[in-house]
Structure formats: C-alpha cells, structure tokens
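FYI, side chains are in, hydrogens and waters are out, and symmetry mates aren't considered; it's all heavy atoms of this structure. When a residue number appears, it is its place in the shown sequence, counting from 1.
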Amino acid sequence: MVVASDRTWGTIGGGNLEAVAVSRARALLVEERREPEMLTVALSEKAPFAYGVQCCGGEVTMLLEPLPVPPAVAIFGMGHVGLELARILSRHDLELHLIDTRADELSPDRLEVLADGQARIHVHRDVPVLPEIILPELPAGTHVLVMTHDHAEDAALCDAALRCDDLGSIGLIGSAAKWSRFRGKLSDLGHTSDAIDRITTPIGLPDLVGKDPATIALSVAAALVRVFEHDRADAAGVRSARP
C-alpha cells in the first residue's frame, strides 16, 4: 500500500489496522523521516484502538518505508535550447514542467519528440503573460530553469523564484552582462546578496563550452543529473560532496 499526504493506493485490509498505518505513515511524511519503521497492531477487542474494533485475533507487524520521490524540473522558455533540454530530460524518471508564454512553442506537434520518454510531462499552456504564476503550483523541491525569449520575463521569474522558499535549484541562462544587470535589479527589489546567490548562472558544465542549442542542453542536463544524484544520496543519508 502506498500512502501520500492526500490519498492512498492499494489496501492492507481496511479497518483500524489500515487507518492506524495510514495515520502513522502520514506522520512520518510530516517528520520527513528517512529511516524505515516497524509498526505492530493487535487485532483484539481488548487492544487499544483509535478507528474501530478489529477482533480477528493475533497481531500484524508492518514495515513503513519512505519511498524516493522522483525529481521535478520546470523549464521556463521552450525555444531552441529549452526543447533540446526537454528532449534529454524526458528520458529520465522525473516530473517535467514546460512553460512558455508563446503558445506555438508548446504545440502538440512540436512536443511530439517527448512522447516516448519516461518523464511525466506537464505542459502549462494557459500563461500568455506572467509565467511566474506557475511557480507556486510546482512540487516542492522543483529545479527551475529560466531561459525565456524575453529578458523582462527572465527577470520577473528570478524575482518570483527567490520569493518561493520550497524550490530546489534556480538556474538562469545568459551572459555575464545580463547577470550583472539582473543582480542589480534583484538587489533593488529587496533581495539580499545571499538570497541572490541561490541563482546559478551560467548554467551547465563550465568545461563544456559549445554554444549550439544541443550542446548547451547537454551541458545543463548533465549538471542537473549531478544534482539529482546528490539529492538521492542525501535522501538516503549518504554523505557526499555537491559537485
């Protein structure tokens, strides 16, 4: 049986047994526990109960084990680089959110190249303006990549992303001159230097310097996969250094 914060899949038989297990599993989610836990429930009319009596006799011991959560990535800007990046990331087990204020960039024909991948694709088409309104809808820990066609959109997205406390990494594509202007603007908007440092720019592997869309996308994807591996090791309690 799988238990999430707001729903369940499968069953272990219902009644007090299942209700106690679900309640404890959700408590573990809130506590963000990483270690498995054994839970024993007695099936006796004399046993303590919280959700009704079960008098089948005996007892049941259950293993409550946190499951790994697939990473989530949001690409803001589905131009040449965005599409190439989505093609690579779609081959991975993750939640992939695609956002662009230009409807044509998210047309079914254009995104058909993503259809045979493992990723769950979430296309956000209803944002003709203000793409930053999508940010609060993203799963906690989502890695955000800002690469739109419009530097004003990029700046607004960076500002809004810094105001979200539950995002993963924030990456911005662009030149040193662009970042210098953005950094000053973000400071004027009230963000501290430490907060602004949450944004990574340039993005990708520093030693992969090609400028064509496919190479940039490969570089960015490789850097992200490193982050995924670090996060998985961290979730498993394995010490590792972030590359």
Side-chain angles (χ1 to χ4, degrees), residues 2 4 9 67-128 131-150 153-154 157-158 161 164 166-174 199-236 242-243:
V2 178
W9 297 261
L67 296 176
V69 178
V73 177
I75 301 175
F76 286 85
M78 283 295 292
H80 300 301
V81 175
L83 182 61
E84 291 289 347
L85 179 58
R87 291 178 69 177
I88 298 172
L89 293 179
S90 70
R91 315 303 296 178
H92 294 263
D93 178 21
L94 52 80
E95 305 292 332
L96 184 57
H97 296 259
L98 310 178
I99 307 98
D100 201 300
T101 55
R102 302 164 296 172
D104 290 348
E105 301 299 318
L106 297 174
S107 68
D109 288 345
R110 192 164 185 268
L111 300 184
E112 189 176 359
V113 294
L114 312 179
D116 62 347
Q118 296 184 56
R120 275 75 57 197
I121 309 294
H122 308 272
V123 181
H124 302 265
R125 292 190 175 91
D126 299 325
V127 283
E132 61 269 25
I133 65 174
I134 298 297
L135 288 168
E137 302 176 11
L138 299 174
T142 296
H143 299 283
V144 170
L145 295 165
V146 179
M147 49 179 64
T148 80
H149 66 294
D150 184 340
E153 280 189 18
D154 286 355
L157 282 162
C158 288
C164 296
D166 60 350
L167 295 176
S169 61
I170 306 169
L172 170 69
I173 199 169
I199 298 175
T200 298
T201 186
I203 50 178
L205 303 180
D207 53 345
L208 197 57
V209 296
K211 299 301 183 184
D212 58 288
T215 301
I216 295 171
L218 180 62
S219 175
V220 174
L224 264 179
V225 170
R226 282 184 175 177
V227 173
F228 299 160
E229 291 179 346
H230 178 275
D231 289 346
R232 280 194 293 268
D234 213 30
R242 182 178 293 276

More than 12 heavy atoms from other groups under 6.0 Å of CG on Asp126: no
All side chain to side chain contact (heavy atoms under 4.5 Å, CB included) counterparts of Pro71, not counting sequence neighbours: Leu94, Phe228
Distance, nearest 0.5 Å, that separates CG of Leu208 from CD1 of Ile216: 9.5 Å
Sequence neighbours left out, cut at 3.5 Å: what donor-acceptor pairs do the side chains of residues 79-90 make with other protein atoms?
unit_1 : atom_1 : unit_2 : atom_2 : d
Ser90  : OG     : Ala86  : O      : 3.3
Ser90  : OG     : Arg87  : O      : 2.8

Any donor-acceptor pair under 3.5 Å from Thr201 side chain to Leu172 backbone: yes
Result of checking Thr148, Leu111, Ile99 against Met78 for side chain to side chain contact (heavy atoms under 4.5 Å, CB included): Leu111
CZ on Phe76 to CG on Asp154, rounded to 0.5 Å: 11.0 Å
Carboxylate-amine/guanidinium contact Arg125 Asp100, below 4.0 Å: no
Heavy-atom donor-acceptor pair, Arg232 side chain to Pro68 backbone, under 3.5 Å: no
Val144 and Leu157: CA distance, side-chain angles, deciding distance, side-chain contact (heavy atoms from CB on, under 4.5 Å) verdict: CA-CA 10 Å; Val144 170; Leu157 282 162; over 6 Å; no
Which residues share a side chain to side chain donor-acceptor pair (under 3.5 Å) with His124, sequence neighbours left out: His97
Distance-only side-chain donor-acceptor flag, Gln118 / His92, under 3.5 Å: no
Non-hydrogen atoms of Pro202 and Gly174 that approach each other most closely: CB-O, 4.5 Å
Heavy-atom check, side chain of Pro128 versus side chain of Arg102, under 4.5 Å: no
Side chains of Glu95 and Val73 in contact at under 4.5 Å (non-hydrogen atoms): no
Nearest-0.5 Å distance that lies between atom CD1 in Ile170 and atom CD1 in Ile203: 12.5 Å
Minimum side-chain heavy-atom gap Ile133-Pro131 below 4.5 Å: no
Polar contact flag, side-chain donor to acceptor under 3.5 angstrom, Asp212-Thr215: yes
Stepwise side-chain contact (heavy atoms from CB on, under 4.5 Å) check, Glu153 with Val146: CA-CA 9 Å; Glu153 280 189 18; Val146 179; over 6 Å; no
Derivation of the side-chain contact (heavy atoms from CB on, under 4.5 Å) call for Leu167 and His143: CA-CA 6 Å; Leu167 295 176; His143 299 283; over 6 Å; no
Inter-residue atom distance Ser169.OG - Leu145.CG, 0.5 Å rounding: 6.5 Å
Heavy-atom donor-acceptor pair, Ser219 side chain to Leu205 backbone, under 3.5 Å: yes
From Glu132 atom CD to Cys158 atom SG, the distance as rounded to the nearest 0.5 Å: 10.5 Å
Point-to-point distance, once rounded to the nearest 0.5 Å, from CG of Leu96 to NE2 of His122: 8.0 Å
